[in-house]
Every structure is written in structure tokens, then in C-alpha cells.
Amino acid sequence: MKIYNVILSGGVGSRLWPLSRKQHPKQFLKLFSGKALFELTAERNQKVVDEIMVVGNTDHIEWSQQLLNDISIPKTFITETAARNTAAAIAFASLAVDAEDILIITPSDHLIQNQDAYEKAIKEAIELAQKDFLVTFGVVPSKPETGYGYIEYEGKDVLSFREKPNTETAQGFLERGTFLWNSGMFCFKAGVFLDELKKYQPEVFEKCVEAWSISENKSLNIEASLQIPSISIDYAVMERSKKIKVVPAHFRWSDLGSFESLYDYLRSTGHSVDENGNMVIGTEIFTAFVGLKDSIFVYTPDAFLILQKEKSQDVKKIYNQLEKYQSTLR
């Protein structure tokens with residue numbers, strides 16, 4: 001039996017536009033003491049696994065290979081020629097290994113602090129996975145966050161999955177103390193996951209097997225890939241399987257999915273803000289805010305963004321407009 005860290009690297013990070021772009025997404029931005037989130041993910045996991053496996057799209061694989069040059073453990077790269085969401089990406093990783101091998105699935109763009117607590121959670125998850133459970137990681141919440149999904153739990157049992165709540169609902173979750181942030185990290189045997197996928201989403205399973213069987217050098221055939229229904233692991237398996245367990249995790253975690261979370265991180269590391277909580281990202285050019293509070297100014301050579309911090313989730317709308325018009329800025 002081998003333990004793999006499967007790093008999923010297909011996202012764009014549209015809520016961090018204009019820093020994050022289609023050709024240079026957020027997981028590859030060197031914003032974290034000179035390192036990228038992708039590098040930090042691999043470094044964090046090389047201590048607890050035998051091999052790293054990256055599942056990424058054609059545009060990202062080269063970035064991934066370059067950033068993993070200094071990682072000493074074995075590495076495998078699976079290239080998705082068409083994005084078909086996380087159920088398919090994880091199915092390909094599962095098909096690439098033995099049924100008894102354990103996969104620790106991690107996104108490539110999350111920030112995790114406190115390595116000891118992280119390793120403790122991973123160890124607990126592996127023990128449960130060895131008993132044929134599908135394990136999800138739930139982070140103990142520190143605030144009523146509306147940008148994350150939640151897991152209602154008791155012990156290690158999952159009672160329900162909840163979509164991203166409004167502020168009032170999130171506050172209620174926090175007060176009840178029986179809810180965790182859904183981290184999007186998982187741990188299970190490859191064979192157990194494939195069995196559950198076959199049971200709950202037989203078409204996804206069959207089309208993935210078909211596409212994998214004609215892949216060359218772990219690069220997926222695009223025509224076969226496009227036949228796979230696009231669905232997340234949450235909807236396909238985790239919210240339906242009877243084999244789910246959750247590990248409540250006590251490490252500091254953020255998916256760095258918005259400028260609000262990036263602002264909080266940068267501020268905690270000493271990035272300057274003015275007396276009204278305004279922040280500049282991306283330039284040393286003198287910038288002044290008049291009559292504004294808790295605002296962020298983002299500078300890139302070809303685009304500026306000015307936003308109120310609490311409106312960070314709406315940045316995605318700008319990206320979607322640029323995508324719609326096939327803008328070179330996206």
C-alpha cells in the first residue's frame with residue numbers, strides 16, 4: 001500500500017482577478033514569502049505521503065512540474081485536456097494507482113498553518129480510510145464565514161452537508177458548535193472511491209474508465225473526456241455515500257478564494273494598511289485613499305481593481321463578463 005497526495009490544480013481563482021488569470025491562476029502566484037500556494041501544498045504533504053500526484057489541465061502542468069523541481073519524493077502528472085470537475089479528476093487519480101492505495105486529495109490553492117495539527121488530522125484520516133471509509137476534513141470555524149460550505153457533524157459522523165449560508169445562518173452554525181467548514185480535502189482508498197462513484201454516478205465512472213483506457217502518457221483524450229458529465233465529488237459521492245466520516249481539524253485554514261481572505265492573510269504578515277483599513281496590493285507606487293474605508297486597490301500592469309473588502313465575492317462577476325467577451329484580460 002502506498003499513500004499519495006493528489007493535488008488538484010484545475011482552478012482559475014476568478015475571485016482574485018486581476019492578480020489571478022486563466023494563464024497564471026492563484027495557486028501559482030508567489031505571494032507567500034516568495035512561494036506559491038501550489039509549492040506550499042506539496043511541501044506540506046511530502047512529509048506524510050510516499051508520492052505526489054498532480055491532476056491539472058494542459059495549461060497548468062508545466063507550471064506544476066517547474067514548481068515541484070525541489071521536491072525529492074516521486075511525482076506523477078495527469079493532464080486533463082478538458083476540465084470535467086472534481087469527480088472525474090479524482091477518478092483518474094484513483095485509476096492510476098492500486099485499489100488499496102490511499103489518496104489524500106488536496107486542492108492546490110489553500111493556505112494551511114500549523115503543520116503539527118495538520119499531520120495529526122491526516123493520520124486520523126488515514127486510519128479511517130484503512131477501514132474503508134471516505135473521509136472529509138472539516139475545519140473548526142473561527143468566524144461566521146459565508147464563502148464556505150459547512151458540514152454538520154457529531155463525533156466523526158456527518159449529519160448533513162450545507163451550502164454556503166447567508167450571514168445570519170452562518171452565525172447560527174457558529175453558535176451551535178456542531179458545524180465545520182467544508183475544506184474540500186478528502187482521504188480514501190482508491191478502490192473504495194471508485195466503487196462508490198460506480199454506485200452513485202455510473203455514467204461518470206464508465207466514461208472515466210473509457211477515457212483513462214485510451215490515455216497516452218497519462219494525458220487524457222479530449223474527445224473521450226468531453227463525454228464525461230461534469231460534476232463535483234461532493235454532489236457525485238460525498239453527499240450520498242453511507243461510508244462518510246469527518247475529521248474535525250484544528251489547523252488554521254483558508255481557501256484564499258477572495259480578496260477579503262487574502263487581505264486578512266497579508267495583514268497578519270505585516271502588509272501595510274492605512275488608518276482606515278485600506279490596502280494596496282501589487283505596487284509600491286504611492287496610493288492614497290480619501291473618504292474610503294476597508295477598501296483594496298489591486299494593481300497589475302494591464303488592469304486595476306478597486307473594491308470594498310466585504311464585496312470580495314462579487315469580483316467573480318467581472319471575470320465572468322471578461323470570459324463572456326473572450327477578453328485578453330481574463
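Computed from heavy atoms alone, side chains included, the values below leave out hydrogens, waters and symmetry copies.
Under a 3.5 Å cut-off, the side chain of N278 and the backbone N or O of L292 do form a donor-acceptor pair. Side-chain atoms of S295 never come within 3.5 Å of backbone atoms of Q308 as a donor-acceptor pair (strictly under, hydrogens ignored). At least one donor-acceptor pair under 3.5 Å links the side chain of N166 to the backbone N or O of T169. Not one N or O on the side chain of N221 forms a donor-acceptor pair closer than 3.5 Å with the backbone of A211. A donor-acceptor contact shorter than 3.5 Å is absent between the side chain of Y200 and the backbone of M238. The main-chain N or O of L305 is never found under 3.5 Å from a side-chain atom of W17 such that the two would form a donor-acceptor pair. Remark: side-chain polar atoms of Q115 are paired, donor with acceptor, to backbone N or O of R44 under 3.5 angstrom.
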Please evaluate residues E323 and K22 with respect to the criterion side-chain contact (heavy atoms from CB on, under 4.5 Å), reporting the C-alpha separation (whole Å), side-chain torsions for both, the decisive distance (0.1 Å), and the verdict. CA-CA 10 Å; E323 182 80 3; K22 198 167 189 176; 3.6 Å; yes
Show, in sequence, the C-alpha distance, side-chain angles and deciding distance for I102 and M1, and conclude whether the side-chain contact (heavy atoms from CB on, under 4.5 Å) test is met. CA-CA 7 Å; I102 288 178; M1 180 203 79; 3.8 Å; yes
Test side chain to side chain donor-acceptor pair (under 3.5 Å) on N5 and T106; report intermediate values, then the result. CA-CA 7 Å; N5 171 211; T106 63; 3.0 Å; yes
Step-by-step side-chain contact (heavy atoms from CB on, under 4.5 Å) determination, V48 to I3: CA-CA 8 Å; V48 291; I3 300 173; over 6 Å; no
Where do Q46 and S72 land on the side-chain contact (heavy atoms from CB on, under 4.5 Å) test, with the steps shown first? CA-CA 8 Å; Q46 71 171 334; S72 55; 4.1 Å; yes
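For the pair R162 and F179, the cation-pi test (distance below 6.0 Å, angle within 45°) is failed.
Side-chain contact between S219 and F77 is absent, with no heavy-atom pair separated by less than 4.5 Å. For the pair P144 and F173, the minimum side-chain heavy-atom distance is 4.5 Å or more. Side-chain contact between R240 and Q201 is present, with at least one heavy-atom pair separated by less than 4.5 Å. Looking at heavy atoms from C-beta onward, E154 lies out of side-chain contact with T178 at the 4.5 angstrom threshold. Contact annotation: the side chain of I7 never approaches that of N45 to less than 4.5 Å [non-hydrogen atoms, C-beta and beyond]. Contact check for P18 versus L329: no side-chain heavy atoms found under the 4.5 Å cut-off. Inter-residue side-chain proximity for T136 and V246 is flagged as met; some heavy-atom pair is nearer than 4.5 Å. Within the 4.5 Å cutoff, the side chain of I281 has no heavy atoms near those of the Y263 side chain.
Ion pair K245/D157 flagged as a salt bridge, since at least one NZ, NE, NH1 or NH2 atom sits closer than 4.0 Å to an Asp/Glu carboxylate oxygen. The existence of a salt bridge linking D50 and K2 is excluded, since no basic side-chain nitrogen approaches an acidic carboxylate oxygen closer than 4.0 Å. Salt bridge annotation for D195-K243: absent, with no cationic side-chain nitrogen under 4.0 angstrom from a carboxylate oxygen. Taking a cutoff of 4.0 Å between a charged side-chain nitrogen and a carboxylate oxygen, E127 and K131 do not qualify as a salt bridge.
Atom CD of E62 sits about 11.0 Å away from atom CG of L67, to the nearest 0.5 Å. Atoms CE and OG, from M53 and S94 in turn, are 8.5 Å apart once rounded to the nearest 0.5 Å. For the atom pair CD1 (I112) and OG1 (T41), the distance works out to 7.0 Å, reported to the nearest 0.5 Å. The distance from atom CD1 of I52 to atom OH of Y4, rounded to the nearest 0.5 Å, is 12.0 Å. In this structure, CZ in F137 is found 4.0 Å from CD1 in I122, a value given to the nearest 0.5 Å. Distance check: K316 NZ to D314 CG gives 11.5 Å after rounding to the nearest 0.5 Å.
Scanning both residues, S230 and N85, for their nearest heavy atoms gives OG-CB, 3.5 Å. S9 and H60 make their closest contact through O-ND1, 2.7 Å (heavy atoms, listed as atom of the first residue, atom of the second, distance). The two residues H250 and P248 have their closest heavy-atom pair at CD2-O, 3.9 Å.
Checked options T79, L226, I78, I228; the residue passing with L220 is I78 (criterion: side chain to side chain contact (heavy atoms under 4.5 Å, CB included)). R21 pairs with exactly one of L29, L16, D302 by the side chain to side chain contact (heavy atoms under 4.5 Å, CB included) rule, that one being D302.
At a cut-off of 3.5 Å, with distance as the only test, no side-chain donor of E223 or Q227 sits close to an acceptor on the other residue. Side-chain contact check for E51 and T76: at least one donor-acceptor pair (N or O, by modelled atom type) lies under 3.5 Å. For the residue pair S14/N320, the side-chain donor-acceptor check at 3.5 Å is not satisfied.
By the rule that hydrophobic residues join a cluster once side-chain heavy atoms approach within less than 4.5 Å of another member, V237 and V192 end up as members of one cluster. Linking ILVMFWY side-chain heavy atoms closer than 4.5 Å, directly or via other members, places I244 and V204 in a single hydrophobic cluster. When hydrophobic clusters are built by joining Ile, Leu, Val, Met, Phe, Trp and Tyr residues whose side-chain heavy atoms come closer than 4.5 Å, directly or via intermediates, F186 is grouped together with F161. Y319 and V315 fall within the same hydrophobic cluster, defined by Ile, Leu, Val, Met, Phe, Trp and Tyr side-chain heavy atoms under 4.5 Å apart, directly or through other members. Placement of F259 and L256 within a single hydrophobic cluster is found when ILVMFWY residues are connected by side-chain heavy-atom separations under 4.5 Å, directly or transitively.
For E43, the salt bridge (Lys or Arg N to Asp or Glu O under 4.0 Å) partners at least two apart in sequence or on another chain are K35.
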